[in-house]
Amino acid sequence: MDQKQLKIEAAREALGYVENGMRLGIGTGSTAEEFVRLLAEKVAAGLDVVGVPTSERTAALCGELGVPLSTLEETPELDLTIDGADEIDSELTLVKGGGGALLREKIVAAASARMVVIADKSKLVETLGRFPLPIEVNRFGLRATELAIAAAAKKLGLSGEIKLRMTGSQPFVTDGDHFILDASFGRIPDTRALSNALHAIPGVVEHGLFIGLASAAIVAGSGGIETIHA
Ligand code: 5RP
């Protein structure tokens with residue numbers, strides 16, 4: 001089975017968590033998009049749900065496929081969020097933000113009673129940090145924020161390249177009008193310490209470590225589906 005098919009299998013399994021009448025947080029990325037496609041088929045067949053998208057990109061796909069949408073303003077409490085991840089460890093701490101939607105993804109996940117992650121097996125890691133950590137930052141004082149991130153990381157014994165995410169020759173701009181710094185710190189043994197240190201930097205809007213938010217991860221591999229519970 002190729003990776004796309006594995007993503008579809010994980011997304012299909014996640015549909016089993018969706019019940020009539022639910023208020024759903026809908027993630028961003030290629031795996032979440034497979035979920036939207038399958039969800040749209042169920043909606044067309046009569047499933048009654050409302051979705052709060054985690055990005056403009058997801059909102060556009062939902063609109064195109066006829067998945068009813070709300071906003072977090074109108075629907076501030078959600079039953080379930082289904083989203084992908086860039087890395088997942090055995091405690092269901094995640095790295096997210098590869099698609100640049102980490103801020104809305106985290107706000108939506110935090111507003112949900114449950115967050116179920118969908119992924120192919122390549123996303124499972126022993127220790128987070130192989131994937132560069134996305135850090136969403138305010139445009140103002142970009143260089144000062146970058147230096148503060150490097151200094152905070154150094155205190156925790158972490159170092160590595162911190163790169164401004166680009167789209168072609170221009171910085172990538174998030175839905176919240178911020179920039180993203182991708183930090184290649186390597187293994188992050190103490191995610192809580194790094195999270196606290198990053199949150200203490202004024203220019204950091206949010207980071208891609210999701211700690212204590214996911215309640216389950218549906219992971220599809222060539223041997224079948226494994227569901228990991230928190
Ligand atoms: C977007 C994300 C995505 O969930 C993450 O990047 C995984 O994407 P994909 O399913 O395409 O591998 O965090 O901000």
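Counting convention: from 1, in listed order, for ligands and their atoms alike.
- The protein heavy atom nearest to atom 11 (O) of ligand 1 is Ser30 OG, 2.5 Å.
- Residue Gly97 holds the heavy atom nearest to atom 13 (O) of ligand 1 of all those in Ala85, Gly97, Gly99.
- For atom 6 (O) of ligand 1, the closest non-hydrogen atom on the protein side is Asp86 OD1, 2.6 Å.
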Legend entry - Audit row: His178, Val137, side-chain contact (heavy atoms from CB on, under 4.5 Å) steps and yes/no: CA-CA 6 Å; His178 305 124; Val137 296; over 6 Å; no
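- Nearest to atom 12 (O) of ligand 1 among the protein's heavy atoms is Lys123 NZ, 2.6 Å.
- A donor-acceptor pair is defined here as one N or O able to donate and one able to accept, closer than 3.5 Å; such a pair exists between the side chain of Asp86 and the backbone of Gly97.
- The backbone N or O of Gly129 lies less than 3.5 Å from a partner atom in the side chain of Glu87, making a donor-acceptor pair.
- For ligand 1, the atoms closer than 4.0 angstrom to any heavy atom of Gly100 are 14 (O).
- Ligand-side atoms of ligand 1 in range of Asp83: 4 (O), range being under 4.0 angstrom from any heavy atom.
- Checked by atom type and distance alone, the side chain of Arg165 pairs as donor or acceptor with a backbone atom of Gly98 at under 3.5 Å.
- Counting non-hydrogen atoms of neighbouring residues, nucleotides and ligands closer than 6.0 angstrom, the CZ atom of Arg37 exceeds 12 such neighbours.
- Within ligand 1, counting atoms from 1 as listed, the ones closer than 4.0 Å to a heavy atom of Gly84 are 4 (O).
- At most 12 heavy atoms of other shown residues, nucleotides or ligands fall within 6.0 angstrom of atom CD in Glu91.
- Of the listed options Ser55, Gly29, Gly27, Gly29 places a heavy atom closest to atom 8 (O) of ligand 1.
- Distance from atom 10 (O) of ligand 1 to its nearest protein heavy atom, with residue and atom name: Thr31 OG1, 2.5 Å.
- Between Thr28 and Ser55, the shortest heavy-atom distance links the atoms OG1-OG, 2.7 Å.
- Of the protein's heavy atoms, Thr28 O, 3.2 Å lies nearest to atom 3 (C) of ligand 1.
- Summarising the contacts of atom 14 (O) of ligand 1 with Lys96, Glu105, Arg104, the nearest heavy atom is found in Glu105.
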inquiry  = Could you go through Cys62 and Ile26, starting from their C-alpha distance and side-chain angles, then the distance that decides it, and tell me whether this counts as side-chain contact (heavy atoms from CB on, under 4.5 Å)?
reply    = CA-CA 9 Å; Cys62 288; Ile26 305 182; 4.0 Å; yes
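- Considering backbone and side-chain atoms together, Ala32 places no N or O closer than 3.5 Å to any N or O of ligand 1.
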